[in-house]
Amino acid sequence: GAVVSQHPSRVICKSGTSVKIECRSLDFQATTMFWYRQFPKKSLMLMATSNEGSKATYEQGVEKDKFLINHASLTLSTLTVTSAHPEDSSFYICSARADEDLSRRGYTFGSGTRLTVV
Amino acid sequence: RKEVEQDPGPFNVPEGATVAFNCTYSNSASQSFFWYRQDCRKEPKLLMSVYSSGNEDGRFTAQLNRASQYISLLIRDSKLSDSATYLCVVNVRGAQKLVFGQGTRLTINP
């Protein structure tokens, strides 16, 4: 159990266009999902916390108008990178908390989306 | 100071060796601790949670020292398939998010 599906796995887009990434919890409801970005050989950096039915909470330094997050249902959160530029090229990963007992299950991650902006 | 600090490595060890990773965290309100494993270009996967009493899962042993705010991971009889980046991860009481260390890269050599 506790599967998180993320699509697409890889996307190449032109500079100036927008890209939408979907994150779905397949066998559980996730009131909270998290979006991370990871640059090569660096650790995961939390971008924002996505809350079902309310506005996302963005980390310091992350532009909310550029990285639009929508969490319209208990099983789906989307991240839209608007007006993408080459510096937005990165590995984007979502995660969801599968169980209130964090010590037992931790968080489950999607398989990630590798975005390349050309 | 980073919230979670790890030695980035890389660690290169021969197959069969024992290898130990260390991690320190700065927030004394941290309540949950994990080791995740991340393969190249893949998502992190939970390796094990870390408990104050220490816990073992096969060849892997994790220890937590709350007084020193220190977490460790020991891998015994290392296999080629253990090659990966190991992430020390902490959750702070009252916060939903996880805080990641920068990861320690391990390569097991035949």
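Order of the sequence lines sets the chain letters (A, B, ...), proteins ahead of strands, with each chain counted from 1.
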**Request:** Give, for atom OH of A:Tyr107 and atom OH of B:Tyr36, the distance between the pair rounded to the nearest 0.5 Å.
**Result:** 8.0 Å
**Item:** Greater than 12 external heavy atoms within 6.0 Å of A:Arg10's CZ
**Value:** no
**From CZ (B:Arg41) to OG (A:Ser111), nearest 0.5 Å** = 14.0 Å
**Atom group of B:Lys42 that falls short of 4.5 Å from chain A, counting heavy atoms** = backbone
**Complete:** Distance col, row A:Thr108:OG1 vs B:Glu43:CD, nearest 0.5 angstrom, shows 10.0 Å
**A:Phe109, part contacting chain B, at a heavy-atom distance under 4.5 Å** = both
**Asked** Would A:Tyr36 and A:Leu76 show up in the same hydrophobic cluster when neighbours are defined by side-chain heavy atoms closer than 4.5 Å?
**Response** no
**Asked** Linking I/L/V/M/F/W/Y whenever any side-chain heavy atoms sit under 4.5 Å apart, do A:Val118 and A:Ile21 land together?
**Response** no
**Asked** Are B:Leu74 and B:Leu64 grouped together when hydrophobic residues (ILVMFWY) are joined by side-chain heavy atoms under 4.5 angstrom apart?
**Response** no
**Asked** Between B:Gln38 and A:Phe91, what is the shortest heavy-atom contact and its length?
**Response** NE2-CE2, 4.3 Å
**Prompt:** So what's closer than 4.5 Å to chain B heavy atoms on A:Gln6: side chain, backbone, both or neither?
**Reply:** neither
**Message:** For B:Arg105, is the CZ atom crowded, meaning more than 12 foreign heavy atoms sit under 6.0 Å from it?
**Reply:** no
**Prompt:** Rounded to the nearest 0.5 Å, how far apart are CD of B:Gln6 and OG of A:Ser43?
**Reply:** 7.5 Å
**Request:** Spell out, yes or no, whether B:Phe11 and B:Val4 are grouped together once hydrophobic residues are joined by side-chain heavy atoms under 4.5 Å, including indirect joins.
**Result:** yes
**Contacting moiety of A:Ile93, where chain B heavy atoms sit under 4.5 Å** = side chain
**Request:** Count the heavy-atom pairs under 4.5 Å between each of B:Gly101, B:Gly103, B:Pro44 and chain A, then report the option with the highest count.
**Result:** B:Pro44
**Prompt:** If you count the non-hydrogen atoms of other residues, nucleotides and ligands that lie under 6.0 Å from NZ in A:Lys66, is the total more than 12?
**Reply:** yes
**Item:** hydrophobic_cluster_shared for A:Met33 and A:Leu79, side chain cutoff 4.5 Å
**Value:** no
**Prompt:** Should A:Leu44 and B:Val89 count as side-chain neighbours, where that means a heavy-atom distance under 4.5 Å?
**Reply:** no
